[in-house]
Every structure is written in structure tokens, then in C-alpha cells.
Amino acid sequence: PTFLSVANFATVLRVRVPELLEKLQELGFENITNEHILDAETAELVAEEYGFEVNRDDNLGADLFPAPLPTDDKKLKSRSPVVTIMGHVDHGKTTILDFLRKSSIVKGEFGGITQHIGAFVVQTPVSKKKITFLDTPGHAAFLKMRERGANITDIIILVVAAEDSVKPQTLEAIKHAKASGVPVVVAINKCDKEEANPDKVVADLSSNGIDVEDYGGDTPVVRISAKTGMGMKELEETIVTIAELLELKTEEKGVVEGWVLESQVKKGLGNVASFLVKKGELKPGCILVAGTTFCKVKVMKDEKNKIIKVAMPSQPIEVSGWKELPEAGDYGIQAKDESFAKKVIINREKRKRMMEEASQIEEMNQRRIKAI
Ligand code: GDP
Ligand code: MG
């Protein structure tokens, strides 16, 4: 049975209820009545006390794919940075991303900005380096990634409007940045406006814990206008400079790992997910496990809707071939074949059920204790 009360358990063990209650007390369990629900661990312990051999499901050990997997330092190659923009609403996040997206389209290139996959790559105008920009991810996905002790982003651009300065969501973004330990570039936007007061923004940020360059700190501050394009080149080159200092590296070959950015059902393609490769080379035919679903990679497209054959680290792509939709913030890892992928998933589903059951039992017992 899923839920085992003390009374039921006594029947299973063929002992009298008062005796079992005494035994439980001996073992250190307090506040127990014959209605109390036992968790699997306690039941196992007691059964062993009575000389029963417990048949445990060993498939419930560790997650077969604890993410991320360790890297082999000898195989590391440098990779381009992944950047996220954060800041208060209306301070210009979308306008900045649109400016960068447009500037990344080569004149006359077919397709334009038709495809939206939650991320795009630009080549910087001066240094000709690549930068991957993520569309500001939802709060939930971002937190989920952080819970796994990993950061999807290497650099955060903190946008603050020059005429509005520090606002509640600016402080929220500062909190995020500090907690993740990711380096910040401050972009003071809307500097084209007459009311712009970038010096006040610098002072406000400084008094809110940002170590601004203007006052001798480490955090670069760039004055921009996403409307006129002023300072945008400088912003991109600042990111490149920081990325170089970070010496970002990854394994280019071998097992693929990466993040699910978002997922949806698309006409003619079925379940698709945008995926940011972090490690390895992703190719059609690869098996990716993410959360409790997997994908046999069918078609891969870049942000310009172009079909690509190989996706490298820091490259965002749209991947079709998912059995079910994975969730934003899921970590994907390549499995050697479908049967292993299924094994990982069955294991995760069982673990998930067990956790849910454990918390349900805890809740039921809490309610009982309160009722006593
Ligand atoms: P988000 O909420 O942070 O994504 O902000 P948006 O990008 O949607 O911008 C909010 C408003 O500010 C829009 O009306 C933009 O046109 C305007 N805006 C954004 N950047 C600039 C800028 O550099 N200068 C001026 N004058 N307006 C801007
Ligand atoms: Mg926006």
C-alpha cells in the first residue's frame, strides 16, 4: 500500500498495535498513535527490527544524470560568452536586444528576424567576436537554473534608464547578480534624452552596492542610447573584454550538455525546444534527456530559421524531436542511446513520486499531531 498506518503495519507484521507503538517509542518516535502514517524509511527500520528482510527498490539511488557532469580539463577550448539583460520595466531591455539583433543581420541576408528562439548570436563590429544574447528569461526559469548551482549566463547587463535611475526591479536585478556571482556591465540607457542624468545613476548604483568603475571599482559603466545607437559598439566591446578576462572554456567535443530555454508545439514540427549548447557538438540523431523527457534530435535551426547540421557551445538552436515538451530551465544531457534515456527518465519519475509521497505523509502526520 502507498500509505501505511501504524495499525495496518501491525497487521502486516503480525504484532499487536500497542506492542508496535511501544517499539516505535523505543526507536525514538514520539507523538505516535495507531492512525499515524509511516514513511518508507521508518517502516523499513521497524520491519528489520522484527527480523524481516526488506526488499528495497535499488533503482531509486542517485539521479543517473546529475547535472552538470565534470569536465576534462585537457580537452577545454575557449568559447564565446552568454549574456543576459536585466533591469526595471521600460528601461529599454527589449529595445537594446532589438538593436543588437538588427545589427547582427548582414545586409541582404534572407530571412531576417523571422525566427524567435529566445536567444541570438551577434558578431561584434570591431573585434569580430561572437556574443550570445539571451532574451530576458522569466523569473521562474532563472531561479530554477540557479537552484541547480549553475549559471546559464556568463555576464549580466544591468540596464538603468538615465532619466529614471534605480528602481525596485533594478534592485531585484542587483540581488540576482550578486547571488549568482556573475560579473555585471552597467548600461545607462536613454542618454539621448534631455532629462538624462547618468551621473546620478552612477551615484545611486554605487550606494546600492555596485562597485562602479567611475568610482574606482571593477564594474564597467557604459552610457548608451538604444534608440540612436550611441555607445552600443562600446557596450559590445566591453562585453568582449570581460569575456576575455573570464577565460571562458568548455569541451567542444564529446557528450553534449546544455539548457532548455523554452519549448512549444509548432505546426509541422511537433514538440520543439530552444536549446543552448554548453558542451559538446549537437547533431541530428543525438539523444538528449531533459527533465523527464527526451529528444532524438530531428531538425536543428538557428535564430534565422536556417537548418544547421552541427551546433557548437554557446550556440542557441531550435531542436525538434522531443517526445514531450521539456521545461524552461531544464538541463539537457546526451544519452548514449534511447534505452538509457528511458532508464534515466523512469528513475527520475520514481524519485519525483517518492518525494511527493514523502511530503504528503509529512503533511498528514502534521495534521494529526495538531489534532491530538
Ligand atoms: P523594457 O521594458 O525594459 O523591455 O523596455 P523597452 O525596450 O520596451 O522600452 C521602453 C520604452 O522606452 C519604449 O517606448 C522605447 O522606445 C523607449 N526607449 C528604449 N530605449 C530608449 C532610448 O535609448 N532612448 C529613448 N529616448 N527611448 C528609449
Ligand atoms: Mg521588454
Side-chain angles (χ1 to χ4, degrees), residues 82-105 112-122 124-126 131-145 152-153 155-178 180 182-205 208 210 212-214 219-239 261-264 274 276 303 316 328-329:
V82 176
V83 179
T84 313
I85 305 194
M86 300 180 110
H88 196 70
V89 66
D90 280 346
H91 280 197
K93 296 180 294 293
T94 303
T95 312
I96 292 170
L97 285 170
D98 285 347
F99 185 96
L100 294 164
R101 215 188 302 263
K102 275 179 207 142
S103 71
S104 76
I105 293 164
I113 347 170
T114 50
Q115 190 80 1
H116 186 81
I117 62 167
F120 60 95
V121 181
V122 303
T124 58
V126 184
I131 305 173
T132 302
F133 286 95
L134 298 185
D135 285 351
T136 318
H139 230 57
F142 216 74
L143 288 177
K144 192 165 154 192
M145 292 170 192
I152 192 172
T153 184
I155 298 167
I156 291 173
I157 300 180
L158 179 63
V159 185
V160 189
E163 89 290 20
D164 211 20
S165 199
V166 173
K167 289 283 161 205
Q169 285 159 355
T170 319
L171 298 174
E172 193 67 21
I174 292 173
K175 225 169 71 190
H176 263 313
K178 295 235 155 172
S180 63
V182 170
V184 169
V185 177
V186 171
I188 304 182
N189 190 31
K190 308 198 187 184
C191 284
D192 60 287
K193 281 191 156 182
E194 214 168 301
E195 324 87 272
N197 189 352
D199 294 342
K200 179 178 186 300
V201 176
V202 172
D204 288 350
L205 286 172
N208 280 291
I210 296 284
V212 286
E213 210 173 39
D214 300 48
T219 307
V221 178
V222 189
R223 288 153 170 82
I224 64 164
S225 164
K227 192 177 170 190
T228 67
M230 174 206 134
M232 291 299 283
K233 255 189 215 174
E234 196 192 334
L235 177 62
E236 288 181 63
E237 296 306 332
T238 304
I239 291 163
L261 300 174
E262 52 191 42
S263 66
Q264 65 187 107
S274 41
L276 178 67
E303 71 267 30

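Every number for a ligand or one of its atoms is a count from 1 in the order of the listing. Heavy atoms only: backbone and side chains are in, while hydrogens, waters and symmetry mates are out.
Atoms of ligand 1 found under 4.0 Å from any heavy atom of V89 (numbered from 1 in listed order, with element): 2 (O). Near K193, the atoms of ligand 1 lying under 4.0 angstrom from a non-hydrogen atom of the residue are 26 (N). Near D192, the atoms of ligand 1 lying under 4.0 angstrom from a non-hydrogen atom of the residue are 22 (C), 23 (O), 24 (N), 25 (C), 26 (N).
The proximity of N189 to ligand 1, defined as any non-hydrogen pair under 4.0 Å, is limited to the side chain.
Considering backbone and side-chain N/O of I224, none are found under 3.5 Å from N/O of ligand 1.
Closest to atom 19 (C) of ligand 1 among all protein heavy atoms lies T95 OG1, 3.3 Å.
Proximity of K93 to H88: side-chain heavy atoms (C-beta onward) are nowhere separated by under 4.5 Å. Contact check for V121 versus I131: no side-chain heavy atoms found under the 4.5 Å cut-off.
Put simply, part of H88 is less than 4.0 Å from ligand 1, judged by heavy atoms. At least one heavy atom of A226 sits under 4.0 Å from some atom of ligand 1.
Without hydrogens or angle criteria, N189 side chain to V160 main chain gives no donor-acceptor distance under 3.5 Å.
The residue among K227, M86, E195, K190 with a heavy atom at the shortest distance from atom 17 (C) of ligand 1 is K190.
Put simply, atom 15 (C) of ligand 1 has protein non-hydrogen atoms near it, under 4.0 Å away.
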